[in-house]
Visitor: 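Structure in C-alpha cells, see below.
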Amino acid sequence: MEKKIYLDNAATTKTRPEVVEAMLPYFSDMYGNPSSVYEFAAQNKKAIDEARLIIANALGADNSEVYFTASGTEADNWALIATAEAYEAKGNHIITSKVEHHGILHTCEYLQKRGFEVTYIDVDENGVIKLEQLEKAIRPSTILISIMFANNEIGTIQPIKEIGEIAKKHKVLFHTDAVQAFGQLDINVKDLGIDMLSASAHKLNGPKGIGFLYIRKGIRIRSLIHGGAQERGRRAGTENVPYIVGFGKAVQLAMDTRDERVKKEIELREHLIKRILTEIPYTRLNGHRKNRLPNNTNFSFQFIEGESLLIMLDMKNICASSGSACTSGSLDPSHVLLAIGLPHEIAHGSLRLTLSHENTMDEIDYTVDSIKEVVDKLRKMSPLYEDFVRRR
Amino acid sequence: MEKKIYLDNAATTKTRPEVVEAMLPYFSDMYGNPSSVYEFAAQNKKAIDEARLIIANALGADNSEVYFTASGTEADNWALIATAEAYEAKGNHIITSKVEHHGILHTCEYLQKRGFEVTYIDVDENGVIKLEQLEKAIRPSTILISIMFANNEIGTIQPIKEIGEIAKKHKVLFHTDAVQAFGQLDINVKDLGIDMLSASAHKLNGPKGIGFLYIRKGIRIRSLIHGGAQERGRRAGTENVPYIVGFGKAVQLAMDTRDERVKKEIELREHLIKRILTEIPYTRLNGHRKNRLPNNTNFSFQFIEGESLLIMLDMKNICASSGSACTSGSLDPSHVLLAIGLPHEIAHGSLRLTLSHENTMDEIDYTVDSIKEVVDKLRKMSPLYEDFVRRR
Amino acid sequence: MYTKKVMDHFSNPRNMGEIENPSGVGTVGNAKCGDIMRMYLDIDDDGIIQDVKFKTFGCGAAIATSSIATELVKGKTVQDALKVTNKAVVDALDGLPPVKVHCSLLAEEAIHAALWDYAEKNGIKIEGLEKPKDDIHEEEEDVTESY
Amino acid sequence: MYTKKVMDHFSNPRNMGEIENPSGVGTVGNAKCGDIMRMYLDIDDDGIIQDVKFKTFGCGAAIATSSIATELVKGKTVQDALKVTNKAVVDALDGLPPVKVHCSLLAEEAIHAALWDYAEKNGIKIEGLEKPKDDIHEEEEDVTESY
Ligand SMILES: Cc1ncc(COP(=O)(O)O)c(C=O)c1O
Ligand SMILES: Cc1ncc(COP(=O)(O)O)c(C=O)c1O
C-alpha cells in the first residue's frame, strides 16, 4: 500500500485533531500561569479543573483525587516511591508482577537498592497473574500491591477486582498501572477497590507528555517532584495547561466513542488473529484468548527474529512492534514473553500489532498478506528453520 | 487601557506563534513513538536530536549532555536527589542558598528528611550570595553546591564563575538553576565551570511542561524517573516530541534575538525603575541595581499589602505578581525578600513586574500611572500609614 | 478566586476612614502576617452603633471583610454587634476561598477589640465579650505542605 | 537507524542459501541472544574460497553483516579470509549502530568457525586461526542501564 498502515497504537497514538484544536488557544492567547492572582490566569485554572473533572468522572472518582503528571511513567514512579517513603514505618515490602511495564519494574529495582523488598508474582501461560501466589506473598510488612490493569505487550487483562479484594482484606494499598486500559476498558476505581491508578494521554489519542495519578482520598502519600504548591502541593512544576486541557478533551472523546471503537477494534482483531493463525504455520497467539485489550494482538513466528520482521514490514509501509517499544534496540527478548513461558528463540520472533478505530479491513488484509510473504522469506534465510526441516 | 498589559514574564511567557507552528506537525501527522524501529518514528528521533543540538550549542555543551525533563522543577529535583543518591558514599552534605526557588528548597527539605545535611548560605542586601560563607561551608562530606544563576523574584544575578571556581577547587559538584537566566544571559557551561544546569522552556516563549537538565559528561548520576530507556536510559517516559521540538525552536529564536530583546527590555526597565522611585514615596527597589536580569523589577511599597495591590492592578488590566507565583495564596511573605533583610510588613508590600520585548513604553507609563493611583488609594486605607502620618 | 460580592466591597469599600474621638477603637492582626484591621466605633448613649469606620492593611479578602463587617454592625446595639460572627461575614460575602477564611475571623476580632475598648473606657462590662487576643494568628498553622 | 548499505544487504542479501557438501560449515551465536549465523564455504585445492553461502536468524544488522561478509571472503585465499575482521565488515556497511556492532563480531566468528571446520576435516592447521568459542555472547554485558 502507498499509505502508511499504523498498527502500533499501544506504543503511542495519533493526537486527535479535536484535541489539538482544544489545546491551541492555551499556547499564545491564554498563556497565563494558573497560579497567578489575575483574571487572565484564573481562566486557565478553570480549564484545568474542567479537565480534571472529566477524568474523575471517567473513573468514578472525585476530582480532588486526580493529580496530573508528565507521563504514565512518572505516575508509576510516584505511586511506588512516594508510597514506599510514606509507609516506610509500617513496612518495607512491595508486591508486583513479572509482566509489569519497565516504569514499574525499574522503579522496584531502584527501591530494592534503597532497602525495600519486592516480590515479583508469576503469571500463567496466558499472562494472568497467579492470585493464590499473590495472596500468599502478603506479609505483615507489605505496604503496596502494584499490578497492571492490562498488559502492554500481550494485552492480557488482569483480575483487578479480585486483586482489589485481596488487598482490602489484608489492608494493603493497591496501585494499578492502567496506562493501556484507561479509555479502552470500563474502570470504576470505587467498584474495583483501586487505591491508586496511573494513566497516560498519548495512549488514547491525547498528547505525549501528560499523565495522571489517581490517589484515593485519605491515602498518605509524599510528593515525587518537590517545589511549588501546584496540584494542591502534591506535584510541583508550572502546570502544562494546553496538555491538561488536551488530556481532558481526549478522555471525553474516548468515553463518548468507546462502545463503537471497541466494537470495531474487536472485529478487526478477530479477523487478523484468525487469518494469521490459519494461514501461517508454526505461529502462536500470545496473551489471553478472551480477556485481552480490544486492540491488541501479539504473535510468535517460530524460526525468525522480530527486528528483521519489523524492518521488512516497515518497507511495506506497516508500522508494528516487537515487544514493547522501549526495549527495541536492546538484546534482551521481552520479559513478558519469557514470563508466560516462551523459550528465548520463540520470544525473539514476536510481533505486536495494536489497532485503532481508524484501521480498515483492507489494511488488515494487506498486513496479513505482507506478513505471510515476509515470514516466508525470513524462514528461508533461517538456519533454525533449515535444521527443523532437516529433522522432520 | 483596554488591552491587557502582561508584566509577569518571570512567571511564564507567551508561547511564540513560530514555536506553535513548529510543534503542530508532531501531534496528528508525525506522531510516531521515537523509540520505535520504523522510519515513521525515526524522523521524530531526528527532530529530537536537532532540538537537543540547538540547546547544547546555546550552552557551549555537547548534545549528549542535554537531557529533557518535564519542567524546570523536575530538572532541579533530579540534579539534587539523584546526585545525593549517586554520591552518598562520598558524603551527605549539600550547600545551597536561602534565595533559591522552591524547586530547590523543598527538595532540600525532602533530602534532609532522608538524612542528608543542607547548609543554606545567606545573601547580602542586594541578594548576592556570600562567597566566603559558601567556601567556609564546604566540608569533606560536601557533594554538591546548588546556587541559582539568577533569582526569579528580585532578578539578582549570582557570581556563577566564582562559585564554579570554588566548587572546582574543592572538588565538589556545582549545579545551577538557570530557569530564569537561560535565554536572557550569556551562559557557557564550560567557561563557568558548571556541572549541571536546569532550565525550562516556558520562561523563554516555549511551552509549559518541558525543561532540561544539562549533565556534564563523566558525572555519575542516577535517574529520577525510572522505566524505559528514553534519554539514553537516564529519564524514562515516552518523549514529548512536540514540546521538545518547540523548546528547540524557542531557544533558537531566543538566541537569535537576544541582543535586541535585552537592549529593549533594559530600556523599558530603567524607565520603569526611574519613574517609580522618583514619583512614589516610601518605595524601594529590591535586588541588585546593576547585576540583575534585563527584564526584572521588584519594588516594595511601604504600608500596603501586595495582594490587594495586584488585584487593583488587575482591574486596570495589568498582570503582575508579588513574590513568586507559586507562593501567592499563601500567608507567608517571600522568603527571598526576607533573606535580603526586609522586615515582614515591607516584604508583604512587594510587587514584581517582569517585562518582555513585546511591552511598549506606553504600557510602562500607563502602568506607573496606575500604580501611583492604586498605592495612594491603598495607603489611604492603611492603618500603618495612618500611624506613620500621626507619628511624623 | 473571589466572589462578586468580595470584589465589590474590595473595590468600593464601605465606611473606610477614621472617626475623631471614637467611642471605641480596636486594632488586630499584625504586619508580619500581612494583615492589620482597625475598627472605629461611634456608640450613642443607648448603646447603638451610630457610626463605624475601618482601616485595613491586607489582602483583597481582608479589605472586603472589613468593609462588610462595618455594614453588618452599623445601626446595631452593642449586644447584637457581638453576635456578628465570622461565619456571618463569610456568608454576607457569598463565601471566601479557604485560605482566606482567617480574614473573616480577623474582622470579628476587630469589632470585638473596638467594643472592648469602648467597654473599658466607659467602665462597663459587656456580657459575652472577652479580652481580645494579642495576635490572632498565633494559633494558625502553615497551609502549604508540599512533601 | 541503519545505513543505506545495511538496508541494501538486508533487503537483497547476497549469497543466501546452502552449499551441498561444503568444504567447511560453521554456526555461531545462539537463539537465546537472538542471532545465529551459519556459513558454508566451498574451498578449492589451492585454498581459494570459490563459493560461500549463509543462513542467519537475527536482526537486520545480523543479516546484512552475514551478507557483506560472504562478499568480502569470496574469491579470497583462506589466509586472506582470515584477515577479514569485524571492523572491515562494519566499514564495508558504512557503519553500524553501537548496539549492533556485536553482529559484525558474529560474522567474523562465523567465517572462522567454517574455516576451523574445513581445517579439521582436512587435518590441516591454519596459522592464526583459533578454535571458535561456543558462545560468542558470553562475554558481553547488558547494554541498558536505566537507574
Ligand atoms: C528559578 C526557578 N527555578 C525553577 C522554576 C520551576 O520551573 P517550572 O515551572 O518549569 O517547573 C522556576 C519557575 O517557576 C524558577 O523561576
Ligand atoms: C503499561 C504501561 N505503563 C506505563 C507506560 C509509560 O507511559 P508513558 O509513556 O506516558 O510514560 C506505558 C507506555 O509506554 C505502558 O504501556
Side-chain angles (χ1 to χ4, degrees), chain B residues 73 77 80-81 102-103 105-114 301-316 322-323 326-335 337-338 342-350 374 377-390, chain C residues 1-2 6-19 25-40 53-67 70 96-103 106 110 113-114 136-137 140-147:
Chain B
T73 301
N77 275 251
L80 265 55
I81 296 173
H102 283 151
L105 292 178
H106 286 163
T107 306
C108 284
E109 288 169 31
Y110 161 80
L111 286 172
Q112 284 176 297
K113 292 200 179 161
R114 281 182 59 184
F301 301 100
Q302 248 181 288
F303 317 121
I304 67 170
E305 192 272 344
E307 196 220 74
S308 45
L309 176 57
L310 286 191
I311 301 180
M312 287 197 177
L313 290 177
D314 188 22
M315 296 189 310
K316 292 180 178 296
S322 92
C326 317
T327 49
S328 62
S330 119
L331 300 172
D332 299 326
S334 147
H335 64 282
L337 298 178
L338 297 181
L342 293 199
H344 274 74
E345 67 269 26
I346 294 183
H348 273 297
S350 80
V374 167
K377 186 170 174 188
L378 287 170
R379 281 184 179 161
K380 288 218 176 89
M381 273 195 225
S382 168
L384 294 174
Y385 189 63
E386 181 184 313
D387 294 347
F388 172 76
V389 173
R390 287 236 172 93
Chain C
M1 75 175 175
Y2 290 133
V6 173
M7 289 306 289
D8 175 33
H9 277 268
F10 169 66
S11 23
N12 308 297
R14 328 290 200 260
N15 304 310
M16 200 281 290
E18 301 161 40
I19 296 177
V25 59
T27 304
V28 296
N30 70 46
K32 201 174 164 207
C33 296
D35 27 39
I36 296 178
M37 281 185 201
R38 178 170 297 164
M39 287 278 176
Y40 294 90
K53 296 272 183 200
F54 82 90
K55 285 224 170 168
T56 290
F57 162 88
C59 62
I63 290 171
T65 50
S66 316
S67 167
T70 60
L96 280 178
V99 284
K100 297 297 187 184
V101 170
H102 73 279
C103 293
L106 206 60
I136 190 170
H137 282 290
E140 284 179 41
E141 47 176 295
D142 208 322
V143 283
T144 22
E145 224 238 291
S146 58
Y147 47 87

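Throughout, protein chains are lettered first and strands after them, A, B, ... in sequence-line order, and every chain is numbered starting at 1.
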Visitor: Measure distances from B/Met312 to the heavy atoms of chain C and classify the residue's part below 4.5 Å as side chain, backbone, both or neither.
Guide: both

Visitor: Atom CD1 in B/Ile304, atom OG1 in C/Thr56: separation rounded to 0.5 Å?
Guide: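 That separation rounds to 14.0 Å.
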
Visitor: Quick check: does any side chain N or O of C/Lys55 sit under 3.5 Å from a backbone N or O of B/Lys380, one acting as donor and the other as acceptor?
Guide: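 Indeed, once roles are kept as given, a pair shorter than 3.5 Å links the two residues.
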
Visitor: Compare every heavy atom of C/Cys59 with every heavy atom of B/Glu307, then report the nearest pair and how far apart it is.
Guide: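 For B/Glu307 and C/Cys59, the tightest heavy-atom pair comes out as OE1-CB, 3.4 Å.
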
Visitor: Tell me, for C/Pro13 versus chain B, whether the close heavy atoms (under 4.5 Å) come from the side chain, the backbone, both or neither.
Guide: side chain

Visitor: The test is side-chain contact (heavy atoms from CB on, under 4.5 Å); show your working for B/His344 and C/Asn30 and say whether it passes.
Guide: CA-CA 10 Å; B/His344 274 74; C/Asn30 70 46; over 6 Å; no

Visitor: Between B/Pro383 and C/Arg38, which heavy-atom pair has the shortest distance, and what is it?
Guide: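 Looking at all heavy atoms of both residues, the closest pair is O-NH1, 3.7 Å.
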
Visitor: Testing the basics here: between C/Phe10 and B/Met381, what is the closest heavy-atom pair and its distance to 0.1 Å?
Guide: O-CE, 4.5 Å

Visitor: Restricting to non-hydrogen atoms, name the atom on B/Ser308 and the atom on C/Gly60 that form the minimum distance, rounded to 0.1 Å.
Guide: CB-N, 4.1 Å

Visitor: Please report the shortest heavy-atom distance between C/Phe57 and B/Phe303, naming the atom on each side.
Guide: CD1-O, 3.1 Å

Visitor: Nearest 0.5 Å please: distance from the CD atom of B/Glu305 over to the CD1 atom of C/Ile36.
Guide: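 Reported to 0.5 Å precision, the distance equals 11.0 Å.
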
